[in-house]
Asks: 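My questions all concern the structure below.
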Amino acid sequence: MTKLNSRFRIVLNPKRPYDFGLTVHKPAGWSLFSSFEVYENGKLWTALHIGNRLVGLKLHASGRRNARDIVIDAFTEKKPGKVFVNLVRGTLRAKLSADEDLKDFYSLAKRDKILTNTLKDLYGMHSTEDADLFSIALLAITLQMAPLKRSEEMLDSLIRNYGEVAEFDDRKVGVPPLPQTLANISAKELKSRCKLGYRARYIVKLAAVISRGFPSLEELRCLGQDEAKNKIMTLPGIGDYSADIINPGGGFPIDVWSADVFGKLFYGKEPKNGRKEIKRIKKEGVKRWGLWSWYAFFYVVNDLENLSKRLGITLRLQ
DNA sequence: GCGTCCAGGTCTACC
DNA sequence: GGTAGACCTGGACGC
């Protein structure tokens, strides 16, 4: 448990449209930085590592509905200097996509029979960047070959057993372990303590590779979508699907579940064998939405219930 | 209660 | 370059 008693405030003025609630607390239940974060009455308490320091965050929106700022109270163990405050500001500005312009995506979505149905519910929702490469890679690996409930149990167990707890503002938020922590744990121990199965050896190898030095999410973003994906796929246990989840440049991560969803949306029926149809459905999505494929995926899976009603089809929820 | 099947992929060996 | 088979665990299902 790390007590974070020093506090400073950052205010971000995001590019409009920007819906704070939808962006930091996605309708599909995706967390911003940690599965242990808390969202109550329009406020989010979360935590992550920035520049090797644990930082607790309390975020809320302020101002008129169409001109709202993001107000962030940041908590650290020791009083930060000006350089660190600027680092936190820049990091959060990027991770919260405060400078992102969605004009081209909305222009595409308004002309698309599927996406146009999502705009009413999700207008102003931005995709956000995960806390760090290792955190999102852990999520991707625990999602492999497991129902969502089991994936959540594996990830929660990793955080409870090996993660850190940030205590600030009368809240406690667990954050995923650092790669250097898991690089020194045996796969056997990890497997039995966190019920990870064969994924344990991937995670230990992955932790070793990242802790020895690997481009950060920020650096991968600068490489461009294809080059970043090729680089990410060199990581142990990370294949095509997981790389599309991790890639900060975006991807179209189709697995068996989403193959059912997009199969219905594209062809009107669920594929008979989802696993065999993944390639075809992925190709269709990328052809249809191009550079905005990730955003299209993101808007569809966060609006399944409403899409089901509007299109008159049953889309399997997560 | 017990056995079998299989799930929101990836890797490896083999052809 | 393509593909079958192995890989953990736990819930669903049939008996």
Side-chain angles (χ1 to χ4, degrees), chain A residues 26-31 35 127 130 133-162 182 185-210 214 229-247 250-266 269-286 293-294 296-305 307-308 314-318:
Chain A
K26 318 284 191 298
W30 302 359
S31 44
S35 54
S127 176
D130 294 274
L133 174 65
F134 190 55
S135 300
I136 182 66
L138 286 179
L139 171 67
I141 289 178
T142 52
L143 282 173
Q144 294 169 9
M145 284 299 282
L148 191 61
K149 182 170 173 282
R150 184 159 179 246
S151 299
E152 287 170 351
E153 285 168 359
M154 287 188 276
L155 198 56
D156 285 358
S157 185
L158 275 166
I159 296 175
R160 284 184 202 285
N161 283 290
Y162 302 102
L182 294 190
I185 306 282
S186 74
K188 195 177 169 187
E189 179 192 322
L190 203 59
K191 182 177 160 182
S192 69
R193 284 186 81 175
C194 301
K195 310 282 184 199
L196 288 162
Y198 66 91
R199 301 167 196 82
R201 54 191 162 86
Y202 289 157
I203 289 174
V204 172
K205 283 185 189 173
L206 177 74
V209 170
I210 293 179
F214 196 86
K229 181 166 178 177
N230 289 335
K231 184 75 186 166
I232 292 165
M233 283 181 69
T234 65
L235 290 168
I238 303 299
D240 185 81
Y241 165 73
S242 300
D244 275 345
I245 290 181
I246 296 168
N247 197 346
F252 197 62
I254 296 299
D255 53 16
V256 172
W257 164 73
S258 50
D260 284 351
V261 170
F262 285 91
K264 269 197 168 178
L265 290 171
F266 293 157
K269 58 182 180 184
E270 273 186 21
K272 281 184 184 166
N273 186 331
R275 201 172 292 282
K276 284 187 178 169
E277 293 287 323
I278 286 174
K279 268 191 182 174
R280 183 166 77 105
I281 290 167
K282 189 165 180 145
K283 200 172 166 187
E284 176 64 27
V286 172
S293 298
W294 162 252
F297 179 92
F298 173 55
Y299 266 56
V300 166
V301 300
N302 274 284
D303 202 32
L304 290 178
E305 206 171 337
L307 270 179
S308 293
T314 307
L315 298 170
R316 194 152 57 97
L317 300 179
Q318 292 184 79

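Because the structure is predicted, anything quoted here is derived from the model rather than measured.
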Asks: What contact category does A:Ile141 fall into here, base, sugar-phosphate, or nothing, at under 4.0 angstrom with non-hydrogen atoms?
Replies: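 Nothing: the residue A:Ile141, judged by heavy atoms under 4.0 Å, touches no strand.
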
Asks: Using atom OH of A:Tyr241 as one end and atom P of B:dA7 as the other, report the distance to the nearest whole Å.
Replies: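 One finds 14 Å between P of B:dA7 and OH of A:Tyr241, rounded.
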
Asks: For A:Lys195, is the NZ atom crowded, meaning more than 12 foreign heavy atoms sit under 6.0 Å from it?
Replies: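 Atom NZ in A:Lys195 is not packed in, count stays at 12 or less.
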
Asks: Distance check needed: B:dG9 P versus A:Ile246 CD1, whole Å only.
Replies: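 Answer to the nearest Å: 14 Å.
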
Asks: Quick one: list whatever passes side chain to side chain contact (heavy atoms under 4.5 Å, CB included) with A:Ser242, sequence neighbours left out.
Replies: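 For A:Ser242, the residues satisfying side chain to side chain contact (heavy atoms under 4.5 Å, CB included) (neighbours in sequence not counted) are A:Ala140, A:Gln144, A:Ile238.
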
Asks: Please give, in whole Å, the distance from B:dT10 C1' to A:Arg275 CZ?
Replies: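 About 10 Å, once rounded to whole Å.
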
Asks: Measure the distance from CH2 on A:Trp257 to C1' on B:dC6 and round it to the nearest whole Å.
Replies: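 From A:Trp257 CH2 to B:dC6 C1': 19 Å.
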
Asks: Using a 4.0 Å heavy-atom cut-off across all strands, classify A:Ile278 as base, sugar-phosphate, or nothing.
Replies: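 A:Ile278: no heavy atom of the nucleic acid under 4.0 Å.
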
Asks: Aromatic ring centroids of A:Phe297 and A:Phe262 under 6.0 Å?
Replies: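 Yes: the rings meet the under 6.0 Å criterion.
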
Asks: For A:Tyr202, what residues pass the ring-ring contact (aromatic ring centres under 6.0 Å, His included) criterion, not counting sequence neighbours?
Replies: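 A:Tyr202: ring-ring contact (aromatic ring centres under 6.0 Å, His included) contacts with A:Tyr198.
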
Asks: Nucleotide by nucleotide, 5' to 3', does protein get under 4.0 Å of the base (B), only the sugar-phosphate (S), or neither (-) in nucleotides 4-9 of chain C, counting heavy atoms?
Replies: ---SBB

Asks: How far does the C1' atom of B:dC11 sit from the matching atom of C:dG10, given to the nearest Å?
Replies: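 Straight-line distance between the two C1' atoms is 23 Å.
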
Asks: Would you kindly check if the NZ (Lys) or CZ (Arg) of A:Lys283 is within the cone defined by 45 degrees around the ring axis of A:Phe252 and under 6.0 Å from the six-membered ring centre?
Replies: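 Not flagged: A:Lys283 not positioned over aromatic ring of A:Phe252.
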
Asks: Applying side chain to side chain contact (heavy atoms under 4.5 Å, CB included), can you list everything that pairs with A:Ser186, at least two apart in sequence or on another chain?
Replies: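 Testing A:Ser186 for side chain to side chain contact (heavy atoms under 4.5 Å, CB included), a comparison that skips the adjacent residues, returns A:Lys188, A:Glu189.
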
Asks: I need the minimum non-hydrogen distance between A:Lys229 and A:Asp240, along with the two atoms involved.
Replies: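 So the minimum-distance heavy-atom pair works out to NZ-OD1, 2.9 Å.
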
Asks: If the threshold is 4.0 Å, N to carboxylate O, is there a salt bridge linking A:Glu153 and A:Lys149?
Replies: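 Counted as a salt bridge, because a side-chain N and a carboxylate O are separated by less than 4.0 Å.
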
Asks: In whole Å, measure the gap between the P atoms of B:dT4 and C:dA6 for me.
Replies: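 B:dT4 and C:dA6 have their P atoms separated by 16 Å.
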
Asks: Reading 5' to 3' and counting Watson-Crick or G-U wobble pairs with both distances under 3.5 Å, write the dot-bracket notation for DNA chain C, | for bases paired outside the strand.
Replies: |||||||.|||||||

Asks: So what does A:Asp240 hit on the nucleic acid, given a heavy-atom distance under 4.0 Å: a base, only sugar-phosphate, or nothing?
Replies: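 Result for A:Asp240 = sugar-phosphate.
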
Asks: In whole Å, measure the gap between the P atoms of C:dC8 and B:dC2 for me.
Replies: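 Taking atom P in both C:dC8 and B:dC2, they lie 25 Å apart.
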
Asks: Distance check needed: B:dG9 C1' versus A:Lys282 NZ, whole Å only.
Replies: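 Taking NZ of A:Lys282 and C1' of B:dG9, I get 12 Å after rounding.
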
Asks: Both A:Pro147 and A:Met233 contact DNA chain B. Which one's nearest nucleotide lies toward the 5' end?
Replies: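 Result: A:Pro147.
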
Asks: Which is it for A:Lys264 and A:Arg316 under the side chain to side chain contact (heavy atoms under 4.5 Å, CB included) test, yes or no, and what are the steps along the way?
Replies: CA-CA 10 Å; A:Lys264 269 197 168 178; A:Arg316 194 152 57 97; over 6 Å; no

Asks: Could you tell me how far apart A:Asn302 (CG) and B:dG8 (C1') are, to the nearest whole angstrom?
Replies: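 One finds 15 Å between C1' of B:dG8 and CG of A:Asn302, rounded.
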
Asks: What's the NZ-C1' distance between A:Lys149 and C:dA12, to the nearest Å?
Replies: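 From A:Lys149 NZ to C:dA12 C1': 12 Å.
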
Asks: Not counting sequence neighbours, which residues clear side-chain hydrogen bond (donor to acceptor under 3.5 Å, both in side chains) with A:Asn302? List them please.
Replies: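 Residues passing side-chain hydrogen bond (donor to acceptor under 3.5 Å, both in side chains) with A:Asn302: none at all.
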
Asks: Using atom CG of A:Leu148 as one end and atom C1' of B:dA7 as the other, report the distance to the nearest whole Å.
Replies: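 The answer, rounded to whole Å, is 12 Å.
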
Asks: Under 4.0 Å between a side-chain N/O of A:Ser242 and OP1 or OP2 of B:dT10, yes or no?
Replies: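 It does, given that an N or O in the side chain of A:Ser242 lies less than 4.0 Å from OP1 or OP2 of B:dT10.
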
Asks: Just to be sure I understand the rule, does A:Pro236 reach a base, reach only the sugar-phosphate, or reach nothing, if contact means heavy atoms closer than 4.0 Å?
Replies: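 Sugar-phosphate only.
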
